[in-house]
Amino acid sequence: MIENLEAELPIAPSLFGCTRCFGLRVKRDSMIDAHIMDGDLAIIRPGQRVENGEIAAVMVQDLLLEATLKIVRRTKSSLSLHPVNAAYDVMVFKGPRRKRVSILGKFVRVVRRA
């Protein structure tokens, strides 16, 4: 995983319901209809498992250079990453391509700078 430490927040992780968490700076507007905007800090609870329909931070090998936030949906034959903005396409991974997707953790909360 590529790591780019921007800053540390002087906030106890327990405030976000986790013993350890990290933040991702949101770029662009693929999640804007979920009220997650460009420049926000998305708080992520680390882990490789999220429930179907939850927002997660994910990496996609050989496709994305940075982590992205998307709604994760699974079926028996595919894994799809859904933006929450109609201007963006759903990314669908079937068969061996599913292994390209790594879930970094579950989205917990957004921190917005005023």
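In this text the structure is predicted, and so the values were computed from the model without any measurement. We're numbering straight along the sequence, starting at 1.
Within the 4.5 Å cutoff, no side-chain heavy atoms of R45 are placed close to those of F107. At least one side-chain heavy atom of V72 sits under 4.5 Å from a side-chain heavy atom of V58. Considering only heavy atoms from C-beta on, M91 comes within 4.5 Å of L63 through its side chain. Two residues are said to be in side-chain contact when any heavy atoms from C-beta on lie closer than 4.5 Å; V26 and M37 fail this criterion. When side chains are defined from C-beta on, L81 does not count as touching V90, because their heavy atoms never get closer than 4.5 Å.
Considering every non-hydrogen atom in both E66 and M59, the closest pair reads C-SD, 3.5 Å. The two residues G53 and I71 come nearest to each other via the heavy atoms O-CG2, 3.5 Å. The two atoms that bring S78 and V92 nearest to each other are CB-CG1, 4.1 Å, heavy atoms only.
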task = Might you work through the side-chain contact (heavy atoms from CB on, under 4.5 Å) test for L41 and V110, ending with a clear yes or no?
result = CA-CA 6 Å; L41 184 64; V110 69; over 6 Å; no

query = When you look at V108 and I44, which way does the side-chain contact (heavy atoms from CB on, under 4.5 Å) test go after all the steps?
reply = CA-CA 6 Å; V108 178; I44 307 298; over 6 Å; no

request  = Begin with the C-alpha distance, continue with both residues' side-chain angles, and end with the deciding distance and a verdict on side-chain contact (heavy atoms from CB on, under 4.5 Å) for I36 and I55.
outcome  = CA-CA 11 Å; I36 303 171; I55 298 173; 4.1 Å; yes

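We find the CG-CD distance between L104 and Q48 to be 9.0 Å, quoted to the nearest 0.5 Å. Taken from CZ in F93 to CD in Q61, the straight-line distance is 11.0 Å, to the nearest 0.5 Å.
Distance alone, capped at 3.5 Å, places no donor-acceptor pair between the D40 side chain and the R112 backbone. With hydrogens and angles ignored, the 3.5 Å screen pairs no side-chain donor or acceptor of N85 with any backbone N or O of S30.
Here K106 does not pair with E51 in a salt bridge; the nearest charged N to carboxylate O distance is not below 4.0 Å.
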